[in-house]
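Some notes on the structure that comes next.
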Amino acid sequence: MLERSLVVSAPGKVILHGEHGVVHGKCLNSALLASAADFDESKSPSVEQLDALREFAGISAESSAPESLATLAFLYMCLAISAKYGWTEEELSLINSWAFQGERVIHGNPSGVDNAVGTWGGALRYQSGKITSLKRVPTLRILLTNTKVPRSTKVLVAGVKDKILKFPAIMNPVLDSINAISQECQSVLEAMPGNPSPEYYPVLEELFDINQHHLNVIGVGHPCLDRLCRVTASHGLHSKLTGAGGGGCGVTLLPPDTSPLAVEAAKRDLCACGFECWETNIGAPGVTLHSPSSLKAEVQRALSMS
């Protein structure tokens, strides 16, 4: 059975995620949204609210199967909590705007990608100064490895510009190829949720490899990142730099059939290089509201001291 999680965003947009990424997204009907203000933890769900949720989820009125009732309860609680405590689009835009100012302080002339994906979550595409959300992308398991090599985005960007000015006939085709890799990767990612075939992963791995070589060509690689790629390749895994390059972090794709032993061996060897390594997923939620009781004790202590 597909394990699912649900994201509700204003105005009533519901996105159902599963183990293979986004399953579907659609809007709840206006009658249910109009009653959202009436959600109250002290009141029982109304017949009208539950009927609307059954229609949305495709659950028949006669169904009493535990999984159907669990889905119904989950949908009801998500909508109620979101309606009462969720961020508005205006608030998210404000958060994004101020986060972008912070990026300007640090990087000078940032793209806006980091603050945008941090605010709204999911996956984004950046091209010619325009940021757009990618729809129906899968959740991908990765290793995120910090080489601990400090780097300056300003310096790296300036270096790439210098190379383009010096060798335009060489560098522009490389940049065109990087763009083509990005478009191909987007096509693969958006095709995966509808057809979660394992055959997509070798394609992504090959795109990782080609992209990493191109990034070295334009001057944002680093010997530590090369070492990271060699270490993971020795365990049958494919990696590339992430972020500005010149050190910083690398990302390693973990296909579903990756052996846990291979992952642990790769992490051990990466740590032996002096790197820090975490196993995580791509496609996390953006800005989220947490109650104090949901925070870990060490987080609560840190907040109380600030």
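Quick caveat, the model's predicted, so the values are computed rather than measured.
The closest donor-acceptor contact from the side chain of Ser177 to the backbone of Pro173 lies at 3.5 Å or more, if one exists at all. Side chain of Glu205 to backbone of Leu237: no donor-acceptor contact under 3.5 angstrom is found. A donor-acceptor contact shorter than 3.5 Å links the side chain of Thr232 to the backbone of Leu228. For Asn172 (side chain) and Pro168 (main-chain N/O), a donor-acceptor pair under 3.5 Å exists by modelled atom type. The backbone N or O of Gly112 lies less than 3.5 Å from a partner atom in the side chain of Asn115, making a donor-acceptor pair.
Other residues, nucleotides and ligands contribute over 12 non-hydrogen atoms within 6.0 Å of the CD atom of Gln127. Within a 6.0 Å radius of CD in Gln183, other residues, nucleotides and ligands contribute more than 12 heavy atoms. Counting heavy-atom neighbours within 6.0 Å of Arg227 CZ, excluding the residue itself, gives a total of 12 or less. Heavy atoms from other residues, nucleotides or ligands lying under 6.0 Å from CH2 of Trp98 number 12 at most. At most 12 non-hydrogen atoms from other residues, nucleotides or ligands lie less than 6.0 angstrom from CD of Glu90.
Ser68 is linked by a side chain to side chain contact (heavy atoms under 4.5 Å, CB included) to Ile59, Ser63, Ala65, counting only residues two or more places apart in sequence or in another chain.
What you find for Ala191 and Tyr200 is that their closest heavy atoms are CB-OH, 3.7 Å.
Between Cys277 and the options Val263, Leu270, Thr252, a side chain to side chain contact (heavy atoms under 4.5 Å, CB included) holds for only Leu270.
Side-chain atoms of Lys166 and Met171, non-hydrogen and from C-beta on, never get closer than 4.5 Å to each other. Counting heavy atoms from C-beta on, the side chains of Pro193 and Val137 never come closer than 4.5 Å.
His222 and Thr147 share no side-chain donor-acceptor pair at under 3.5 Å.
Between the CD atom of Glu190 and the CG atom of Leu134 there is a distance of 5.5 Å, given to the nearest 0.5 Å.
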Verdict with reasoning, Asp226 to Gln212, per side-chain contact (heavy atoms from CB on, under 4.5 Å): CA-CA 9 Å; Asp226 294 336; Gln212 176 63 20; 4.2 Å; yes
Steps toward side-chain contact (heavy atoms from CB on, under 4.5 Å) verdict (Phe275, Cys249): CA-CA 9 Å; Phe275 304 154; Cys249 293; over 6 Å; no
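Side-chain contacts under 4.5 Å among hydrophobic residues (ILVMFWY), followed directly or transitively, place Ile131 together with Val113, Val117, Leu124, Tyr126.
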